[in-house]
Amino acid sequence: MNKKDFNSIRNEFNHQIESFDSSDRLNQNIFSICFEIENDLNDALTHISLKHQPIVFSSNNFSAFSIVKEHSFSFYNQYDYKSQKDELLKTISNTCFINGKENNKTFIFGGFNFDLSEPNTDIWNDIPIANFILPRYIFIDSKLIVNIFLDNGIIIEKIKSLFLKYIDDLELILFAHKKNDIKSELLDISDLTSHDLHHKKITNLLDIFKTGTSNLIKVVFSRIKKASFSNNLPLLDIYKKLLNKNDNSMNFLYSISSNINIVGSTPELILSKLNHKIESESIAGSNYRKNNDFTSDEKEVIEQKIVTDYIIDFLNKNSDNIIYDKKPKIKKSSDIEHLYTSFNADLVNDKNILDLLDEIHPTPAIGGYPKDKAFDMIRKYKENRGWYGGPIGWIDNNLDGRFYLNIRSGLGVNKDLYLFSGSGITEKSNADNEWDETEEKFKLMLESL
């Protein structure tokens, strides 16, 4: 974008606002306008900082970039989330476009805890268990979307003055010519989950499997590392490295506040909804030793089949015309290969995307199976996952959306970045091998620091 682009944006806005009728908009909170522009993600990442609270989702075939929080929907316990999520959806679906609704969209971005029933403590303290943000500025598909949130009545003069101010502010942000260059030295990387503890809980679980009385089939255990820096976290640089290393995955940076951020590179789609079409993925099994017989390894094949069968059961309850490959393929994320099955289906009910997410999450890929028993085992060890392993993604004003699994990721708090990694434990697991697998899964983030 250049100065000429902003002159065109102002002219277009002034033209659109003159014909805008606000008389029937009394029940709406979000007002948006969409402009056709040319944008460059790499250039934008150079000129903004974490104080602009960026939210970025990008892969080799998709890019959405937003800055500045216009409004936040935050939930600190499960009851509040479940009782208020329908109102959240109603608010975003009632978005009013100044330049007409046809083909125009705006978005809220957000995520959840792995376990919504668990309060956030320790490193996750004061972070909501679910959070959605309406950004002020969104760049997506060669479009600039500018959003206003109003909760105290609609005054057309106020809408006009706010939009013009927001356009001026964006021009200042993008043309400040302040290169984002944080000088911060990596001081230390430490394990917050000891080898002994991780080994012990896996061997205890293997003993339970051997009894044959628990009905447990799989549990996913996780562990945490902490990377400490001398100065503010260079998260935008870390994000750019992730994108360069792993652009076939969905790379994300989500700013809850200016000093609390989540960054990662996930290979796994949990759920996508577009009109009445839904998609999901079954990813399990990890080949980091480059074994040639990976696709026929009994332990890995069984682990992936558990996830596949679970998703098929979910789809059978909610859809028809289910399409998937009977034999899993291989999907590569960073230097690790996974067994992978993609699903497409037609939704046959009116469930919204949040209700569908609540039903499908967590799949056995991140929790275990059966779900309730695996949850109980994970809670027993107080792994303190917070958002790790939860859904992260977006919803648009048509109530379509796309959510990924928050894995290969880290939580940035002030000068520290907490990294997370997990692996699925079945009766054929080896405790030492599982530790090695989590080490391999840490590498993508560690090599991006």
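One is the number of the first residue; the rest follow in order along the sequence. Just so it is clear, the structure is predicted and the values come from calculations on it, not from any experiment.
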Derivation and outcome, side chain to side chain donor-acceptor pair (under 3.5 Å), residues Ser282 and Thr308: CA-CA 5 Å; Ser282 163; Thr308 296; 2.9 Å; yes
Asn318 and Lys351: side chain donor to acceptor below 3.5 Å: yes
Ring geometry between Phe57 and Trp394 (parallel below 30°, tilted from 30 to 60°, perpendicular above 60°): perpendicular
Heavy-atom side-chain proximity of Glu439 to Lys225 below 4.5 angstrom: yes
Ring center gap for Phe252 and Tyr404 short of 6.0 angstrom: no
Minimum heavy-atom distance between Asn113 and His361, given as atom pair plus value: O-NE2, 4.2 Å
Side chain to side chain donor-acceptor pair (under 3.5 Å) between Glu383 and Tyr388, worked out: CA-CA 10 Å; Glu383 289 192 343; Tyr388 169 68; over 6 Å; no
Test of ring centre spacing under 6.0 Å for Phe97 and Phe20: no
Short side-chain to backbone donor-acceptor contact, Lys317 and Ser319, under 3.5 Å: no
Lys371 and Glu359 ion-paired at < 4.0 Å: no
Value rounded to 0.5 Å, distance of CZ in Phe442 from CZ in Arg223: 4.5 Å
Met250 side chain near Thr266 side chain, heavy-atom distance below 4.5 Å: yes
Asn99 (side chain) donor-acceptor with Gln16 (main chain) under 3.5 angstrom: no
Glu300 and Asn287 side chains, donor-acceptor separation under 3.5 Å: no
Expected output: side-chain His338 to main-chain Gly285 donor-acceptor under 3.5 Å: yes
Backbone of Pro128 reached by a side-chain donor or acceptor of Trp387 within 3.5 Å: yes
Side-chain H-bond candidate by donor/acceptor type, Ser421 with Thr438, under 3.5 Å: no
Electrostatic pair Arg379:Asp376 at N-O distance under 4.0 angstrom: yes
Other residues, nucleotides, ligands: >12 heavy atoms within 6.0 Å of Asp350 CG: no
Between Asn406 and Tyr254, a side-chain donor and acceptor under 3.5 Å: no
Geometric cation-pi criterion, Lys82 with Tyr79: 6.0 Å, 45°: no
No-hydrogen, no-angle side-chain donor-acceptor test under 3.5 Å, Glu437 and Ser423: no
Ring centers of Phe73, Phe132 separated by less than 6.0 Å: no
Heavy-atom side-chain contact between Val307 and Leu339 under 4.5 Å: no
Shortest non-hydrogen separation from Ser72 to Ile133 and the atoms involved: OG-CG1, 4.2 Å
Rounded distance (nearest 0.5 Å) linking atom CZ of Phe149 with atom CD1 of Ile30: 6.0 Å
SB check Lys443 Glu440 (cutoff 4.0 Å): yes
Between Asn14 and Asn11, a side-chain donor and acceptor under 3.5 Å: no
Neighbour count above 12 (heavy atom, 6.0 Å) for Lys373 NZ: no
Any Ile217 side-chain heavy atom under 4.5 Å of Ile306 side chain: yes
Residues Lys241 and Asp237 bridged, charged N to O under 4.0 Å: no
N/O donor-acceptor pair under 3.5 Å between Ser280 side chain and Phe343 backbone: no
Ile189 CD1 to Ser228 OG distance, which is reported to the nearest 0.5 Å: 9.0 Å
Residue pair Ser342 / Glu279, side-chain donor-acceptor N/O under 3.5 Å: no
Side chain proximity check, Lys105 to Ile140, heavy atoms < 4.5 angstrom: no
Criterion side chain to side chain contact (heavy atoms under 4.5 Å, CB included) against Asn251, the qualifying member of Leu242, Val263, Val56, Asn244: Leu242
Aromatic plane relationship, Phe163 with Phe13 - under 30° parallel, 30 to 60° tilted, over 60° perpendicular: tilted
Exam field: side chain Gln28 to backbone Asn94, donor-acceptor pair closer than 3.5 Å: yes
Distance in Å, Gln78 CD paired with Ser83 OG, rounded so as to fall on 0.5 Å steps: 10.5 Å
Heavy-atom side-chain contact between Ser58 and Phe65 under 4.5 Å: no
Backbone of Tyr166 reached by a side-chain donor or acceptor of Tyr137 within 3.5 Å: yes
Sidechain N-carboxylate O distance under 4.0 Å for Glu337, Lys331: no
Heavy-atom check, side chain of Leu354 versus side chain of Asp358, under 4.5 Å: no
Donor-acceptor pair, side chain of Asp247 and main chain of Asn60, under 3.5 angstrom: no
CG-CD1 distance between Leu170 and Ile9, expressed to the nearest 0.5 angstrom: 7.0 Å
Spacing of CG belonging to Leu405 relative to CG belonging to Leu271, to within rounding of 0.5 Å: 12.0 Å
Validation row: Ile108, Leu88 side chains within 4.5 angstrom (heavy atoms): yes
Salt-bridge contact Lys90-Asp86 (side-chain N to carboxylate O under 4.0 Å): no
